[in-house]
Amino acid sequence: MAKYDESSITILEGLEAVKKRPGMYIGSTDKKGMHHLAWEIIDNGIDEIINGFGNKITVKINEDNSITISDNGRGVPTGLHKSGKSTPEVIYTMLHAGGKFESEGYKIAGGLHGVGASVVNALSEYMEVIIYRDGLIHQINFKDGGKVDNPLKKIGNTNKTGTTIRFLPNREVFKNINFSFTTLCERMQESAFLLKKLTAEVEDVSDEKKNIYHYENGIISFVEYINEDKKVLNKVLQITGNKNNIDVDIALQYTDSYNENILSFVNNVKTIDGGTHEVGFKIAITKAFNDYAKDKGLLKGKNSSFEGSDAREGLTAVINIKIPENILQFEGQTKGKLGTPIARGTVENIVYDSLRYYLEENREISVSLIEKMNKSKIARDAARKAREEVRNGKNKKGQSQLSGKLTPAQTKNAKINELFIVEGNSAGGTAKKSRDRKFQAILPLRGKILNTEKAKTADIFKNEEINMMINCIGAGVGNEFDVNDINYDKVIIMTDADDDGAHIQCLLLTFFYRFMKPLIEDSHLYIAMPPLYKVDYGKNHVYCWTDEELKELTKDKINYKVQRYKGLGEMNPGPLWETTMNPDSRNLIKVSINDAALAEKRISVLMGDIVEPRKEWINENVEFSLEDDYKIG
């Protein structure tokens with residue numbers, strides 16, 4: 001029995017806790033987590049600019065895979081700290097040390113309150129800090145995850161201010177330490193949209209690439225960028241105001257699509273889960289259009305009004321607000337949702353007043369938008385009626401389409417039922433034998449569905465496979481999709497673990513993103529993970545999901561047999577249930593949208609008509625290899 005007493009308790013001093021459990025501080029140790037190190041340093045520079053100090057941030061990928069991030073803010077204080085150490089040493093080696101705990105240093109801040117810079121140091125092989133402040137240049141160097149290599153010293157005189165940090169992520173912590181030029185550019189471009197005065201420069205020394213971002217029109221340019229491939233219905237409307245010490249800056253524009261795309265930020269931090277500011281914005285939009293339409297007699301139907309989904313159909317909006325530290329509240333540690341109560345009423349009042357004035361002054365545009373909303377309302381009512389008919393067994397056409405294709409679950413409980421969408425009849429046959437028929441349904445698709453990013457809307461809804469999915473899920477489609485009416489708690493894409501399977505996944509994800517987005521937003525869409533290999537040795541067998549897992553498993557074994565699964569149809573029902581369908585033993589990938597603007601652009605680039613941006617992204621982000629050094633024992 002393992003010993004557990006007073007001697008078992010370990011105190012991790014300094015940055016040791018970060019090194020021991022890096023995922024607690026940066027989320028993961030994959031490429032996303034590694035880039036999080038850069039975001040922590042960049043955010044410090046952005047906080048300087050938000051508070052009126054500096055106007056430029058440069059990011060440079062160096063030849064040794066290190067990264068240099070510079071700002072022209074005030075520069076880190078260089079004096080002696082009350083702890084007896086130099087202030088830079090305290091900032092970069094001690095957790096929860098920084099100038100953002102008290103409002104005197106930063107009235108508005110989005111950084112992690114003293115955690116960021118020291119965490120970056122802890123997870124780096126080396127870090128070099130050069131400070132320009134008070135007419136002097138100081139430098140301090142660290143190595144091996146935060147150990148002082150060269151103490152703070154004066155190295156020259158200067159007439160500029162700011163901080164320059166160069167660090168190399170630790171190769172023992174991160175699987176891949178190659179910074180992505182594209183990822184860095186996307187983040188810095190977004191920051192330049194949000195901060196008019198910011199000039200952001202990103203450079204890759206090895207590839208001799210450099211991009212510079214600066215937008216005099218701020219978030220107006222952001223909305224134009226998001227909508228550049230769409231047909232727009234009005235010029236971008238900007239709404240600004242200040243109330244209760246909260247600065248509100250909003251840009252919005254309608255397109256002829258039916259997807260809404262709302263991005264919100266607080267102190268330059270993306271609030272991916274929304275919050276009180278988004279709630280206030282949505283209430284104001286719906287109320288302003290309803291009040292205007294009623295006043296002008298434009299609403300169709302007695303006692304009728306637009307729902308929020310009608311008023312936001314085709315809307316692209318960027319909400320950018322600044323909240324002082326003393327009233328700023330986030331829900332949870334990730335800062336994904338704003339909790340400040342007063343922000344709701346502040347945003348609602350400013351948006352309502354500005355939008356009502358705009359509608360009164362721009363009658364032609366207002367009437368066209370109201371007409372679009374009326375069509376949305378009519379379609380929503382029709383879709384609701386159609387869903388009720390399906391539930392009551394009156395929709396013969398939809399049911400006949402599914403007859404012979406869908407293998408339904410025995411129970412009708414939408415809170416537990418699962419739908420597996422599989423490619424081809426062969427895989428569908430195996431899945432039917434593998435499933436738990438009480439709550440798992442199987443829908444096989446015939447080949448690859450349409451690329452709904454390229455296809456015309458009329459062709460999309462003529463497609464038999466797409467219509468089967470719409471009828472099977474049972475909650476409508478497009479703006480009429482109501483996630484509360486879905487027939488399944490989980491919709492699971494289950495394709496072969498090969499290139500064709502990955503392509504089908506992309507096509508399906510594009511369809512769900514464009515036409516059933518709430519399915520993703522409410523965490524109902526998943527991707528199954530069937531294994532690539534089965535390894536038999538002696539009386540034992542193990543499944544492997546990657547080539548790396550296979551090599552690791554077999555490197556010390558002599559007598560073993562490897563079976564490579566080319567498709568789900570090659571798997572027997574037992575292994576498919578055990579590895580991929582059994583809720584107790586399977587692994588699923590939950591599909592989520594972490595960055596709405598990036599998701600919108602990425603789908604357009606990768607699934608759209610224009611080849612060059614897609615080619616450029618693939619060359620930047622996909623590692624190709626002709627290496628094949630695996631030998632089957």
Side-chain angles (χ1 to χ4, degrees), residues 43 46-47 50-51 100 103 106-113 190-191 193-196 218-223 226 236-254 259-290 307-309 311-312 315-358 517-518 521-522 593-600:
D43 284 347
I46 285 172
D47 283 343
I50 289 176
N51 285 273
K100 300 174 187 176
S103 60
Y106 291 86
K107 290 183 180 180
I108 296 173
L112 286 182
H113 299 290
E190 181 180 276
S191 295
F193 280 132
L194 296 172
L195 294 168
K196 290 183 187 180
I219 60 173
I220 292 177
S221 298
F222 200 169
V223 171
I226 295 169
V236 179
L237 167 63
Q238 185 170 27
I239 296 172
T240 60
N242 181 284
K243 190 175 182 180
N244 301 316
N245 288 324
I246 295 175
D247 281 322
V248 175
D249 186 13
I250 295 173
L252 62 92
Q253 184 179 49
Y254 281 88
N259 291 314
E260 70 174 79
N261 195 4
I262 298 175
L263 312 176
S264 63
F265 302 83
V266 177
N267 298 354
N268 224 69
V269 174
K270 185 186 281 96
T271 42
I272 59 173
D273 298 318
T276 52
H277 56 330
E278 271 198 33
V279 172
F281 173 77
K282 290 177 178 179
I283 290 172
I285 290 284
T286 307
K287 189 172 186 296
F289 275 105
N290 270 316
E307 290 187 1
S309 60
R312 299 192 304 272
L315 173 66
T316 297
V318 175
I319 304 168
N320 184 27
I321 70 173
K322 303 288 189 301
I323 300 183
E325 281 284 287
N326 62 337
I327 60 170
L328 180 62
Q329 297 176 25
F330 285 106
E331 295 181 14
Q333 292 296 314
T334 61
K335 299 189 179 182
K337 189 173 185 179
L338 180 68
T340 304
I342 200 172
R344 171 178 167 171
T346 300
V347 173
E348 182 181 343
N349 291 336
I350 291 173
V351 172
Y352 178 83
D353 291 344
S354 298
L355 185 55
R356 274 307 305 265
Y357 179 80
Y358 173 84
K517 199 173 182 180
E521 293 171 334
D522 282 29
I593 302 171
N594 292 325
D595 187 329
L598 186 56
E600 188 72 24

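As a basis for the values below, the full set of heavy atoms in this structure was taken, side chains included, without hydrogen atoms, waters or symmetry mates. Just so you know, these numbers come straight off a predicted model, no measurement behind them.
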J.: Below 30° counts as parallel, above 60° as perpendicular, anything between as tilted: where do the rings of F222 and F265 land?
T.: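 The rings of F222 and F265 sit tilted, inter-plane angle from 30° to 60°.
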J.: Side chains of residues 341-351: which donor-acceptor partners sit under 3.5 Å, not counting sequence neighbours?
T.:
from: T346; atom 1: OG1; to: N244; atom 2: ND2; distance (Å): 2.9
from: T346; atom 1: OG1; to: I342; atom 2: O; distance (Å): 2.8
from: N349; atom 1: ND2; to: G345; atom 2: O; distance (Å): 3.1

J.: Hey, does V318 have a side-chain heavy atom less than 4.5 Å from the side chain of F193?
T.: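 Side-chain contact under 4.5 Å: no.
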J.: Taking everything shown except N245 itself, do over 12 heavy atoms lie less than 6.0 Å from its CG?
T.: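 It does not: N245 CG has 12 such atoms or fewer within range.
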J.: Go through L252 and V223 one step at a time and tell me if the side chain to side chain contact (heavy atoms under 4.5 Å, CB included) criterion holds.
T.: CA-CA 7 Å; L252 62 92; V223 171; over 6 Å; no
J.: Quick one: list whatever passes side-chain hydrogen bond (donor to acceptor under 3.5 Å, both in side chains) with N290, sequence neighbours left out.
T.: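 Once residues adjacent in sequence are excluded, N290 has no partner under the side-chain hydrogen bond (donor to acceptor under 3.5 Å, both in side chains) criterion.
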J.: Counting distance only, does the side-chain N/O of S264 pair as donor-acceptor with the main-chain N or O of G274 below 3.5 Å?
T.: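 No, S264 side chain to G274 backbone: no donor-acceptor pair under 3.5 Å.
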J.: Output yes when a side-chain donor or acceptor of T340 lies under 3.5 Å from a complementary backbone atom of Q329, and no otherwise.
T.: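 Yes: the side chain of T340 pairs with the backbone of Q329.
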J.: Any donor-acceptor pair under 3.5 Å linking the side chain of N320 with the backbone of L194?
T.: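 It does hold such a pair.
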J.: Taking all atoms of both residues into account, what is the closest heavy-atom pair of I226 and T316, and its distance?
T.: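 That would be CG2-CG2, 3.9 Å.
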J.: Roughly how far, to the nearest 0.5 Å, is the CG atom of L338 from the OG1 atom of T276?
T.: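 Going from OG1 on T276 over to CG on L338, the span is 3.5 Å.
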J.: Which atoms form the tightest heavy-atom contact between I46 and S191, and what is the distance?
T.: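 I46 and S191 have their closest heavy atoms at CD1-OG, 3.3 Å.
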J.: For side chain to side chain contact (heavy atoms under 4.5 Å, CB included), just list the numbers for T271 and I319, CA-CA rounded to whole Å, side-chain angles, deciding distance to a tenth of an Å, and then say yes or no.
T.: CA-CA 10 Å; T271 42; I319 304 168; over 6 Å; no
J.: Would you check, one step at a time, whether the test side chain to side chain contact (heavy atoms under 4.5 Å, CB included) holds for K270 with L263?
T.: CA-CA 8 Å; K270 185 186 281 96; L263 312 176; 5.9 Å; no
J.: Applying side-chain contact (heavy atoms from CB on, under 4.5 Å), can you list everything that pairs with E260, at least two apart in sequence or on another chain?
T.: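 Per chain and number, E260 pairs via side-chain contact (heavy atoms from CB on, under 4.5 Å) with I262, K282, R312.
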J.: Just how far is it from atom CD1 of I219 to atom CG of D249, taken to the nearest 0.5 Å?
T.: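 Those atoms lie 3.5 Å apart.
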J.: Could you go through the side chain to side chain contact (heavy atoms under 4.5 Å, CB included) check for Y358 and I239 one step at a time?
T.: CA-CA 10 Å; Y358 173 84; I239 296 172; over 6 Å; no
J.: For D522, which residues count as a side-chain contact (heavy atoms from CB on, under 4.5 Å) partner, sequence neighbours excluded?
T.: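 Listed in chain order: V483, H524.
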J.: Which atom names give the shortest non-hydrogen contact between Y352 and A284, and what distance separates them?
T.: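 In terms of heavy atoms, the two residues are closest at N-CB, 3.7 Å.
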J.: If only atom types and distance count, is the side chain of T286 paired as donor or acceptor with the main-chain N or O of A311 below 3.5 Å?
T.: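 The answer is no, because no donor-acceptor pair under 3.5 Å joins these two groups.
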